[in-house]
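Some notes on the structure that comes next.
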Amino acid sequence: MMKLSAWRQVTEPGCWAGILVVLCTLSMGADVQQALKTPSMQSRVLQRHKREWKWDKLYVFEEMSPENLPEKIGKLENTRSSDNSRFVLSGEGANDIFTVDDNGDILVNAKLDREKKGDYRLSASIIDIGNKKPLDKNDSFVIIVLDINDNSPVFPPNLSGSINELSEAGSVVMTVNAADADDPTSPNGKIVYELKNGTDLFNITKDTGEIQLKTINLDREKQSQYLITVQCKDLPSSLSGNSATTIVTININDANDNVATFKKGIYQFDVREDSQPEFEIGKLEVEDKDEIQNKDPTFTIQHKYDEVFGIKRDQMKDGILSLKVPLDYETVKTYSFAVYVDELTVSKSPDNQGPNLLKKTQVSINVIDVDEPPVFNQTEYNFSIHEGPINNKLIGAVSAKDPDTIGHKIRYSIEDPNCPVHVDAVLGLLTLERELDREQESSYTFHVTAHEDNLNGLKSNAVVKLKVLDINDNAPELTNGSYVYVCESDTPGTIIGTIGAYDKDEHPGRFRFLLTKKSSNFSLLDNKDNTASIVLKHGGFSTEDSVEHVLEIEISDGEKKSSNFLPIKVCTCQSGRQMEYCMAYAQTGVSVSALLAILLCIVTILVIIILIVLRRRFQKEVLVTKSSGEIHEQLVRYDEEGGGEMDTNGYDVSILTSACHDSSFRPATGPSLYAMVKKPPACKGDMAVMIEVKKDEADHDRDGIPYDTLHIYGYEGSESLAGSLSSLGSSSSGSNLDYDYDFLNEWGPRFRTLAQLYGVEGSDTDSSY
């Protein structure tokens with residue numbers, strides 16, 4: 001049987017009161033074991049399935065002095081212990097902080113700190129030294145670390161609170177809380193509070209640390225902050241407890257308990273007379289001891305002057321004096337009036353009472369004279385006039401004057417060149433300059449300028465709005481004519497459509513409709529409501545009939561009338577006169593605009609033809625009159641259809657001839673050399689390639705108009721005694737081109753023109769071809 005003994009019991013921290021021995025029976029005694037050897041006892045033991053266990057605790061104080069370590073805190077006992085057995089500890093701190101010796105004494109070997117760890121859970125066992133086997137089951141227990149007063153209370157940093165001024169006595173300012181790491185369930189961790197100063201204004205609850213106000217005389221304007229010392233202490237019933245102190249800041253919140261007053265008794269300002277409304281004249285500074293958020297002054301201007309001047313507060317709650325209406329130096333040169341300030345507060349401070357408070361100030365304003373522009377007697381003029389002929393119509397008049405004392409003369413003008421109104425420069429009379437048409441423009445807005453009649457005269461403008469009144473100057477026009485048609489199935493008396501009228505005038509009268517020419521097929525019925533109905537007299541219309549039906553209708557509004565032509569279509573209709581197909585009549589007449597367009601096209605075509613003819617004639621004359629020195633450097637193209645030698649165009653081929661390196665070819669003289677002519681040698685280089693490409697295009701392009709180039713003159717005459725006539729076979733030198741072409745005159749009149757082109761003058765005796 002194992003027995004755990006503990007003999008230290010604490011009745012009061014720091015004192016030993018006695019020995020607590022707790023016995024835990026873990027195994028049977030020797031006499032009981034002997035009894036169990038009998039069969040009857042064995043049978044009774046086998047029937048027992050549950051074993052009672054008793055848990056126990058050991059206590060040890062923290063912060064033991066190292067001189068007293070190790071210290072015995074308990075003892076393990078077991079009936080099976082002998083010289084061949086040994087006790088073993090396991091669990092938290094076993095064999096390190098806590099050990100057990102051969103006698104079963106439990107020792108603590110290190111200083112403990114309850115604030116770090118308050119208990120240790122261990123297990124004890126007994127084993128045989130020889131085979132290391134347990135002789136009994138393990139027994140668990142707990143070692144409780146007892147607290148001592150080894151920690152002082154600690155305040156949080158920067159403790160501060162606030163309370164409104166004028167608060168009632170007993171109002172809570174704040175609560176301070178200190179922390180003690182010792183056991184809060186013991187006197188070591190219990191804290192009490194005490195004020196060390198400021199007790200005339202504040203007190204503190206001993207157990208909770210709540211700070212309250214003792215008086216009602218807090219005035220932020222006298223003192224806005226208090227610093228008080230608070231002390232806390234543990235072990236309240238003992239003089240040996242630990243303590244701590246801190247400084248607590250108490251701020252006094254502001255309340256609106258002070259009225260605003262003016263800083264000065266007189267304020268003076270100068271204001272130009274041309275200053276505009278809302279102009280800020282100056283600041284009326286006030287004094288209020290309250291903070292800005294609690295300042296709430298109200299300003300009042302002396303009666304009658306409040307119509308000219310206004311006052312409002314700025315961000316600092318001072319008064320800003322401003323203009324409501326413009327000032328006039330010529331009328332009033334100075335203003336003097338009183339301004340009052342007042343404020344509604346939560347309570348009146350004793351410092352804000354008495355007759356010496358400046359709650360009224362005097363404001364003096366001097367008006368500064370300036371040269372002002374002319375002033376119209378109206379800022380906007382509105383006139384109206386009827387449209388139609390001018391007949392020197394007078395519209396109205398504008399008037400302006402110089403507000404200055406000098407009183408300069410005023411001249412008037414209208415600077416808009418498109419304005420239809422003229423203003424008299426001296427009298428300001430407005431007259432009409434051109435006829436107005438309300439249907440084109442119903443109103444006009446323009447500016448009349450008034451300027452002082454001096455060197456540096458000032459100007460001002462007034463807006464004039466002119467409304468054009470309507471007269472009956474427009475004849476009615478036909479409307480809804482496209483909705484009138486006759487169906488093949490219509491019977492006599494059918495209303496085939498309803499027409500209306502439109503008048504551009506503003507207030508048209510009632511329209512009257514009348515057929516100018518009577519119709520055998522249709523009649524017109526005036527509905528007396530500005531509409532008329534077209535009624536069919538008889539049926540039998542067909543879309544195969546080519547006759548066009550047109551009604552000439554006269555529409556009158558009482559003063560103006562118009563003639564209107566209403567074409568009536570013949571249609572194939574479905575049920576309900578739903579249009580399906582209508583016959584279209586060809587127009588026999590041509591409008592004037594169409595005739596003008598046709599004439600313009602004809603004139604344009606004639607001018608183009610004349611220019612082309614003149615240009616071709618000019619080109620031929622130039623070719624004929626060129627000298628031989630110019631002609632022999634041209635590539636001549638003849639009309640393939642035999643248009644004649646004179647029908648040619650020339651192209652400069654000096655670049656082509658320069659590409660040929662062999663310039664030794666010269667035409668033979670006389671007809672005897674005709675069979676000996678050979679093709680000229682081909683040009684070398686890039687230009688030769690280009691010529692070959694052009695030859696190939698000309699040979700294979702059947703649709704193109706052939707032109708006489710190298711492939712014609714260089715090769716087509718290769719079998720002729722004359723050889724090629726192209727200049728490409730000759731050198732670019734002028735001397736070579738002019739050499740030995742006289743033989744062309746000897747070939748007869750057929751080559752006469754060619755001889756002339758190459759500078760050979762024909763014989764006068766040559767007969768024409």
To check you understand the geometry: which heavy-atom pair defines the closest contact between [X] and [Y], and what is its length?
X    : Y    : answer
P374 : P403 : CA-CD, 4.2 Å
S533 : N527 : OG-ND2, 3.1 Å
S523 : K537 : CB-CE, 3.8 Å
G396 : F383 : CA-CE2, 3.8 Å
G497 : V484 : CA-CG2, 4.0 Å
R438 : V468 : CG-O, 3.4 Å

Say you draw a straight line from [atom1] of [X] to [atom2] of [Y]; how long is it, rounded to the nearest 0.5 Å?
X    : Y    : atom1 : atom2 : result
I496 : D490 : CD1   : CG    : 7.0 Å
S399 : Y381 : OG    : OH    : 6.0 Å
F299 : I320 : CZ    : CD1   : 8.5 Å
E387 : I471 : CD    : CD1   : 4.5 Å
F309 : F337 : CZ    : CZ    : 5.0 Å
I553 : L478 : CD1   : CG    : 6.0 Å

Got [X] and [Y] here, is their nearest side-chain heavy-atom distance under 4.5 Å?
X    : Y    : result
K561 : L514 : no
V463 : H447 : yes
N480 : T498 : no
L524 : I534 : yes
V339 : F262 : yes
P326 : P277 : yes
N521 : H538 : yes
V332 : L327 : no

In terms of side-chain heavy atoms, does [X] have a donor or acceptor partner in [Y] at a distance below 3.5 Å?
X    : Y    : result
T531 : D529 : yes
Q362 : S336 : yes
N366 : T334 : no
D296 : N256 : no
D505 : N474 : yes
N454 : H408 : yes

> Would the SG atoms of C571 and C582 measure under 2.5 Å apart?
Replying inline: yes
Might you confirm whether atom [atom1] of [X] has over 12 heavy atoms from other residues, nucleotides or ligands at distances under 6.0 Å?
X    : atom1 : result
R434 : CZ    : yes
R510 : CZ    : yes
K317 : NZ    : yes
K467 : NZ    : no
E544 : CD    : no
I368 : CD1   : yes
L344 : CG    : no
I266 : CD1   : no

Where the side chain of [X] meets the backbone of [Y], is there a donor-acceptor pair that is under 3.5 Å apart?
X    : Y    : answer
Q378 : E380 : yes
D290 : N258 : yes
K295 : M316 : no
S556 : R512 : no
E452 : G457 : no
Q276 : D274 : yes
D254 : N294 : no
T572 : E580 : no
E488 : T543 : yes
E552 : T516 : no

> What's the verdict on side-chain contact (heavy atoms from CB on, under 4.5 Å) for E273 and D369, showing C-alpha distance, side-chain angles and the deciding distance?
Replying inline: CA-CA 6 Å; E273 64 171 332; D369 185 29; 2.5 Å; yes
>> Go through it in stages, so that I can follow the logic: the residues are R411 and V426, the test is side-chain contact (heavy atoms from CB on, under 4.5 Å), and I'd like the CA-CA distance, side-chain angles, deciding distance and then a yes or no.
In response: CA-CA 5 Å; R411 299 190 66 84; V426 178; 3.9 Å; yes
> Given I301 and V363, is the side-chain contact (heavy atoms from CB on, under 4.5 Å) satisfied, shown in steps?
Replying inline: CA-CA 10 Å; I301 298 178; V363 177; over 6 Å; no
>> Working note: D503 + F511, criterion side-chain contact (heavy atoms from CB on, under 4.5 Å); need CA distance, chi angles, decisive distance, verdict.
In response: CA-CA 9 Å; D503 196 330; F511 301 125; 3.6 Å; yes
> Are the charged groups of K504 and D470 less than 4.0 angstrom apart, N to O?
Replying inline: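 Salt bridge between K504 and D470, a charged N being under 4.0 Å from a carboxylate O: no.
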>> Please identify which of these residues, V421, L436, I385, meets the side chain to side chain contact (heavy atoms under 4.5 Å, CB included) condition with Y444.
In response: L436
>> As a test of understanding, state which of L321, V308, D270 forms a side chain to side chain contact (heavy atoms under 4.5 Å, CB included) with I365.
In response: L321
> Taking only residues two or more places apart in sequence or in another chain, which ones pass ring-ring contact (aromatic ring centres under 6.0 Å, His included) with Y340?
Replying inline: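 In terms of ring-ring contact (aromatic ring centres under 6.0 Å, His included), with neighbours along the sequence ignored, Y340 is linked to no residue.
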> Which class fits the ring pair Y335 and Y305: parallel under 30°, tilted 30 to 60°, perpendicular over 60°?
Replying inline: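 The rings of Y335 and Y305 stand perpendicular, inter-plane angle above 60°.
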> Any chance the rings of F541 and F522 have centres within less than 6.0 Å?
Replying inline: yes
